[in-house]
Amino acid sequence: MAKETENKVSRLDAKREAAENTKNEINERIEELRVQILDESDEKVKKQLRKEREELIERRNGIVISDDKVSVPMKKSSKKKLQACIAVVLVVALLCAYVATGLAKKGFISTLGYPQRTFTGLVLTDSNGKKHNIKTVTYNYYYATAYNNLEQQQSYLSQLSGLGGGSGSDDSIDFDKALSEQETTDEDGKKTTWDKKLNKQVMDSIKEHYALYYAAVDANNGKEPEITEDQQKEIDDTLKEIGENATKNKYTLDAYLSLAIAYGVNSEVFRREETVKYIADNYKENYKFTDEEYDKYLKDHKEDLLGVDIKYFEATSEDDAKAFVDELKDDGSNFEELASKYAEDDWDKTANLNEDNVTYYNLTKSNLMSMGGAIGVADESEDDNAEKIYKGLEWLYSDKRKAGDKKNYSTSVVYVIKPSYLYKGNTVNVRHILIQPEKKSKDDDGKETTETVQASEASEKQLKKAEKKANEVYEEFKKGDKTSDSFAALAKKYSGDGNASTGGLYEDIPTNQMVPVFNNWCFDKNRKAGDSAIVLSEFGYHIMYFEGATENPVWHKLADSVLSADESDSSLKNITEKAKLKTSFIGSRYFVKDVELN
C-alpha cells in the first residue's frame, strides 16, 4: 500500500513538472507574439498572430496545477504547432515576461543580472561555419568598457583644449545626454549617431576577440589554451584592487562590479572576458602563417628583411664623426677605441671598449630607423607628399657594399663587417636574472628607502655592489643542478626585470630585439642549450641561461607583424573577416545603453 502511494506521488510530481514546463513554454511564446504584434504593420498578419496568442492564453489559463491535481487541456486542432523553446526554469520564464517592456531593464530581476548572464545575446558564426552562442552580459561588458574609454578620452581632450593644446573638435560628446541624440561621423565620413558608432565598435571588438578565441581553441584540439602567469596575475591584481574599493564603499565585489560596469557583470564574468581577450591576443601574436604566405612575403618584401653586420657609433657632431672615420683603420680594429674616445659620457667611454656594445648583427633597415641615428632618418624633402628617401640606408644596403667599407653619414659612423644578406637563423628562447644597482634615498616623510637605478647612472660603488650580488646568485645557480627549472626559481626570487614571475623567460626572440651585449650573447654562433654567463648592459647585470633556438626563422618573426596587419587576404585576417556576428532577439532586449550607464 505504501509503495502504491509512493508511486502515485511520484507520478503526480512528474505530471506537475511537465505541466509547469508546458506553461513556461506557452508564456514565452505569448510574450514573443505580443512583441511581434507591436512590430507588425501588416493587418492580416497581425490578425493571425493575435488569434494564435489568444488561443495560447486560453490554453495556459486552462492549466491547473495543485497539490492533488494536474490538468493540461488538449491543443485545438486548428492551432499551429507550438514552436520549440529552450527548457527553462520558472524564474527564466518570468524574466521573459519583462522582455521589450520598460521593466526589462529597470525591473528587480534585471538588476540581479540573471537575464544578462542567462540569455544568448549574440551568435557568432566563425570562419569555419560553426555557430557559438555569446551571452548578453558579454555585450554589456564590452559596451561599458568602450563607453568608459570614450568618456576618458573626451575628458583628456577637453583638458588639452583648456590648456590651449586640445583639438578643438566639434566632434565632442555631452555625456549627460543620450548618445543616440548626438551626431558624429563614421569611418567613411558619413553622418551617424554616437550610439550607432559605439555599437559598431563594440560589435567589431567582440567579433574579433571571440573569432580569434574560438580559432585558438580549435588549434588547441578543442581545449581552451592557458594564459601566461603574468596575464593571470594581471587579472587577479585588478580584481583585488576592485575588491578593495568595493569594501571601502561597503559593497561585495560582485555587487560593486554590477553597479560600476553593468548589470550581470560579476567577478566570474570579469575574469572570463579578460581571459578570452588574452587568449585571442596570444593566438594572434603567435599565429603561424602558411609557407605560401611567407614565401609570397619574402618575394614582395625581401629588401625589408635583409640585414647587415656592422660596427656602429653615433657621434655628438658631424665633425667628430668625420674625424672618427679618418682615424679608423681599414680593418676596423680600433673601432672600439675610437668609440670610447668620442663618447660623450663616462658610461659609454667604458662600455664602448667592449666589442659587443658597438657591434650589430643582422641589422635591418627598420632596426636602424628605430635606433634614431642620423643614418636611419629620412632626408628632408620640399614635397611633403613625396616618398621618403633614406640616402644613408641606400648606401649601406646597396649591393655594391663590401666588407671593410667605412663611412660617416652625418653623425653616424659605420664600418661594414658583412654586407646585406638574408639571415637564415632561428629565434631563440632565453632566461635571465637582472640585478640592478641600488641607491638609498629618503621619502617625503624622511624615511630611508632603497631604489634601483640603471647601471649607466650608478656610481662605481653601487655598480660593484650589484656585481657582487650577481656573482653570488650565479654561484648559487652553479652549485645546484644547473637546470632551466632551477634557474627559473632563482629568477623569480632575485630578478628585477618585469618577467621575473615567468622565471625570467623571453621566448621567440628575433635578432636585435635586445640591447647589443644581450643580443650578441644569445646569437653567438657557438651558443648551445644550457649555456650560462653574466653580461653587463646599461640596465644592469644579466645572469643568462640559454634555453635554445626555436624552429621559427628570424625573418618569419619579422614578417609576422606585417602579415598580421596586412590588408591582403591572409589566413589570419580571414579568421576575423569571414566571421559573422548577429544579435539574438530575446537577449538583445537586455543590452545596456549609455543612459543606463549614466
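Since we're looking at a predicted model, the values are computed, not measured.
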Reported [atom1]-to-[atom2] distance for the pair [X] and [Y], which is rounded to 0.5 angstrom:
{"X": "Thr145", "Y": "Ile261", "atom1": "OG1", "atom2": "CD1", "value": "6.0 Å"}
{"X": "Asp295", "Y": "Asp300", "atom1": "CG", "atom2": "CG", "value": "11.0 Å"}
{"X": "Leu572", "Y": "Glu577", "atom1": "CG", "atom2": "CD", "value": "10.0 Å"}
{"X": "Gln182", "Y": "Trp194", "atom1": "CD", "atom2": "CH2", "value": "9.0 Å"}
{"X": "Asn266", "Y": "Leu257", "atom1": "CG", "atom2": "CG", "value": "7.5 Å"}
{"X": "Cys522", "Y": "Arg527", "atom1": "SG", "atom2": "CZ", "value": "8.0 Å"}

Are the charged groups of [X] and [Y] less than 4.0 angstrom apart, N to O?
{"X": "Lys528", "Y": "Asp531", "value": "yes"}
{"X": "Lys197", "Y": "Glu187", "value": "no"}
{"X": "Lys190", "Y": "Asp186", "value": "no"}
{"X": "Asp236", "Y": "Arg271", "value": "yes"}
{"X": "Lys365", "Y": "Glu303", "value": "yes"}

Expected output: side-chain [X] to main-chain [Y] donor-acceptor under 3.5 Å:
{"X": "Thr136", "Y": "Gly587", "answer": "yes"}
{"X": "Asp379", "Y": "Lys391", "answer": "yes"}
{"X": "Ser258", "Y": "Asp254", "answer": "no"}
{"X": "Ser588", "Y": "Ser584", "answer": "yes"}
{"X": "Asn245", "Y": "Leu253", "answer": "no"}
{"X": "Asn140", "Y": "Ala262", "answer": "no"}
{"X": "Asn286", "Y": "Asn282", "answer": "yes"}

When you compare the side chains of [X] and [Y], does any donor N or O come within less than 3.5 Å of an acceptor on the partner?
{"X": "Ser420", "Y": "Arg401", "value": "no"}
{"X": "Asn367", "Y": "Thr364", "value": "yes"}
{"X": "Tyr421", "Y": "Asp309", "value": "yes"}
{"X": "Ser484", "Y": "Glu547", "value": "yes"}
{"X": "Glu293", "Y": "Thr290", "value": "yes"}
{"X": "Glu224", "Y": "Tyr213", "value": "yes"}
{"X": "Thr192", "Y": "Glu183", "value": "no"}
{"X": "Tyr147", "Y": "Gln152", "value": "no"}

With [X], which residues qualify under side chain to side chain donor-acceptor pair (under 3.5 Å), at least two apart?
{"X": "Lys207", "answer": "none"}
{"X": "Glu314", "answer": "Tyr312, Thr411, Ser412"}
{"X": "Lys288", "answer": "none"}
{"X": "Asn133", "answer": "none"}

Looking at [X], I'd like to know if its [atom1] atom is crowded, meaning that more than 12 non-hydrogen atoms belonging to other residues, nucleotides or ligands lie closer than 6.0 Å.
{"X": "Leu259", "atom1": "CG", "result": "yes"}
{"X": "Gln454", "atom1": "CD", "result": "yes"}
{"X": "Glu244", "atom1": "CD", "result": "yes"}

Flag the pair [X] / [Y] as yes when at least one side-chain heavy-atom distance between them is below 4.5 Å, and no otherwise.
{"X": "His209", "Y": "Asp281", "result": "yes"}
{"X": "Glu394", "Y": "Ile389", "result": "yes"}
{"X": "Thr228", "Y": "Lys233", "result": "no"}
{"X": "Lys191", "Y": "Thr184", "result": "no"}
{"X": "Ser537", "Y": "His542", "result": "yes"}
{"X": "Ile433", "Y": "Ile435", "result": "yes"}

Ring-face cation of [X] near [Y] (centre distance under 6.0 Å, axis angle within 45°):
{"X": "Lys277", "Y": "Tyr210", "value": "no"}
{"X": "Lys296", "Y": "Tyr294", "value": "no"}
{"X": "Arg272", "Y": "Phe270", "value": "no"}

Residue pairs involving residues 129-140 (criterion salt bridge (Lys or Arg N to Asp or Glu O under 4.0 Å); sequence neighbours excluded):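 Found Lys130-Asp218.
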task: Could you note down all residue pairs passing side-chain hydrogen bond (donor to acceptor under 3.5 Å, both in side chains) where residues 485-506 supplies at least one of them, sequence neighbours left out?
output: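 Qualifying pairs: Asp230-Ser501, His432-Asp497, Glu476-Tyr494, Asp481-Ser486, Thr483-Ser486, Asp497-Tyr506.
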task: Decide salt bridge (charged side-chain N to carboxylate O under 4.0 Å, His left out) for Glu208 and Lys284; before the verdict, give the C-alpha distance in whole Å, the side-chain angles of both, and the deciding distance to 0.1 Å.
output: CA-CA 10 Å; Glu208 179 177 359; Lys284 183 176 182 180; 3.3 Å; yes
Non-neighbouring partners of [X] that pass ring-ring contact (aromatic ring centres under 6.0 Å, His included), sequence neighbours left out:
{"X": "Phe487", "answer": "Phe477, Tyr545"}
{"X": "Tyr139", "answer": "Tyr143, Phe591"}
{"X": "Phe523", "answer": "none"}
{"X": "Tyr283", "answer": "Tyr287"}

message: Test of understanding: with salt bridge (charged side-chain N to carboxylate O under 4.0 Å, His left out), list the residues that count as partners of Lys525, not counting sequence neighbours.
response: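 Lys525: no salt bridge (charged side-chain N to carboxylate O under 4.0 Å, His left out) contacts found.
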message: Quick check: closest heavy atoms across Tyr142 and Ser205, and the distance to 0.1 Å?
response: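 What the structure gives for the nearest pair is CE2-OG, 3.4 Å.
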message: Which heavy atom of Thr193 sits nearest to which heavy atom of Leu179, and what is that distance?
response: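 Closest heavy-atom pair between Thr193 and Leu179: CB-O, 3.9 Å.
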Listing, residues 508-516 side-chain donor-acceptor contacts under 3.5 Å, not counting sequence neighbours, or none:
from, atom 1, to, atom 2, distance (Å)
Asp508, OD1, Thr427, OG1, 2.4
Asp508, OD1, Asn552, ND2, 3.2
Asp508, OD2, Asn552, ND2, 3.3
Asp508, OD2, Lys557, NZ, 3.2
Thr511, OG1, Asn362, ND2, 2.7
Asn512, ND2, Tyr361, O, 2.8
Asn512, ND2, Asn362, O, 2.9

